[in-house]
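Throughout, a chain's letter reflects where its sequence line sits, starting with A, and its residues are numbered from 1. As a basis for the values below, the full set of heavy atoms in this structure was taken, side chains included, without hydrogen atoms, waters or symmetry mates.
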Protein chains: 2
Amino acid sequence: MDDATQPKLSRIQQRNRTRITDAALEIFSQHGFRGATLDQIAGEAGLSKPNLLYYFDSKEAIHVDVLNRLMETWLAPLEAIDPQGEPREELLRYIRRKLEMAFEFPRESRLFANEIVQGAPRMGPHLETGLKPLFEEKAALIQSWIDAGRLPPLDPRHLILSIWATTQHYADFEAQTRVLLEGSDVQQSAWAHLEALYARMLSC
Amino acid sequence: MDDATQPKLSRIQQRNRTRITDAALEIFSQHGFRGATLDQIAGEAGLSKPNLLYYFDSKEAIHVDVLNRLMETWLAPLEAIDPQGEPREELLRYIRRKLEMAFEFPRESRLFANEIVQGAPRMGPHLETGLKPLFEEKAALIQSWIDAGRLPPLDPRHLILSIWATTQHYADFEAQTRVLLEGSDVQQSAWAHLEALYARMLSC
DNA sequence: TCGTGCCTTGACCAAATGGTAAAAAATGCG
DNA sequence: CGCATTTTTTACCATTTGGTCAAGGCACGA
């Protein structure tokens, strides 16, 4: 997009930028933006604090970079819903993939949750430009399936929100579910539950 | 419990403690624990910072107090599920009440979410002693309804988690839903959606 | 009214924290 | 190798912030 300048990152730059964003994901997702310190991130990355600021202009720049990188992978499953596919099958696959990602990338989920819970102070615009168009596109797709009689009538937008809520909950509220569901195979039972919940919703 | 000393708060003490916890709820729910400052809370409360620390030992003490006060109101609807009632009716009433609370007390919801997302560093024990017993009690109640054939087979614990996730989502992720659902009456359409979702789940 | 004890505040402190500057050390290329 | 460029570090700074303290203000019972 604005890569017009072709930054041409050196091997060292690429390696260290990755180290920093990896460390930042770990620290930011645990403590939130204000709760995380550059020293913590530097320690996690195995670099010195001034060295971080050689690669990024500021703490906020790191945070924004991590968030942006995040959104791509985070929205990939939604993008993958195929207009040509069988509606129920597409949606159930989406739900399963979203649940898998909650267990596979809990830090990403929590970082995003942290940002949104606090009012998206550093992501507001990105929600409008990056998230909303895709959301509207897929909601319209589901609506078209309903109109064609291939799904029962329901509100596509609230359906998507419910899917997000129920799947990401296992990552975002893990501290709670770990206490409440201790001992059981959470991912397994969660999928059984969600499959039942949404399969019924999409069939009746 | 440990009120054995009967602190006997004076009128002024009662008034100012309330002011402080009200202000703290506002500030903590917006910025999280680390993101909030005593100066902000003091400003919101209309008191000086040293005066806050006359009433509470530390910033953390304020936070803990607000969280504890919170949990009572937060769990009231769950406690109100009546073992004598009609299962479907009881659960749908619970869901509706929980949704109402998400819109009525979004700050409480977000404060709790903030704490859990970051690993419940100041609430860990309370989850075990305060939350889990009630959770287990109500899960067992729902299981007994299933065993009696009054509800279709489902996992009571994941059901409760789903209800929490879908209702609290409208408070915790309000910054997101405000963008994605702008213009519509969110509470109204959310209830229509959730009623459909769970009514089907509890009937089929 | 007076004085005792509760309440409030201004001034201050030490630690933490985001960020800077300039020198030192690598790195890589001819 | 020689040298310019990139990378890293050491030392440091200004601000923020949780918390303290001693003195002053205020309420209220005797």
*Charged tip of B/Arg96 within 45° of B/Tyr198 ring normal and under 6.0 Å*: no

Distance check needed: [N] [atom2] versus [X] [atom1], whole Å only.
X: A/Phe56; N: D/dT7; atom1: CZ; atom2: P; answer: 13 Å
X: B/Arg19; N: C/dC7; atom1: CZ; atom2: C1'; answer: 13 Å
X: B/Arg17; N: C/dC7; atom1: CZ; atom2: C1'; answer: 13 Å
X: A/Leu53; N: D/dT6; atom1: CG; atom2: P; answer: 19 Å
X: B/His63; N: D/dG18; atom1: NE2; atom2: C1'; answer: 15 Å

*Of the listed nucleotides C/dG19, C/dT9, D/dG19, the one nearest the side chain of A/Ser58*: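 Among C/dG19, C/dT9, D/dG19, the one nearest the side chain of A/Ser58 is C/dG19.
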
*Kindly say whether the aromatic ring centers of A/Phe135 and A/Trp164 come within a distance under 6.0 Å.*
yes

*Please figure out whether B/Arg15 or B/Lys49 has its closest DNA chain C nucleotide nearer the 5' end.*
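With B/Lys49 and B/Arg15 compared, the 5'-side residue is B/Arg15.
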
*Could you check B/Leu52 against A/Asp57 and say which one's nearest nucleotide on DNA chain C is further toward the 5' end?*
B/Leu52

_Heavy-atom side-chain proximity of A/Arg110 to A/Glu174 below 4.5 angstrom_ = yes

Hey, does [X] reach any base, or is it just sugar-phosphate, or nothing, if we go heavy atoms under 4.0 Å?
X: A/Leu38; result: sugar-phosphate
X: B/Arg34; result: sugar-phosphate
X: B/Ala36; result: sugar-phosphate
X: A/Tyr55; result: sugar-phosphate
X: A/Thr37; result: sugar-phosphate

Taking 4.0 Å as the cut-off, does a side-chain nitrogen or oxygen of [X] come that near to OP1 or OP2 on [N]?
X: B/Tyr54; N: C/dT8; result: no
X: A/Ser48; N: D/dT8; result: no
X: A/Asn16; N: D/dT8; result: yes
X: A/Gln13; N: D/dT6; result: no

*Report the relative orientation of the aromatic rings in A/Phe28 and A/His63; use parallel for angles under 30°, tilted for 30 to 60°, perpendicular for over 60°.*
perpendicular

*How many angstroms lie between CE in B/Met71 and CZ in B/Phe112, if you round to the nearest 0.5 Å?*
4.5 Å

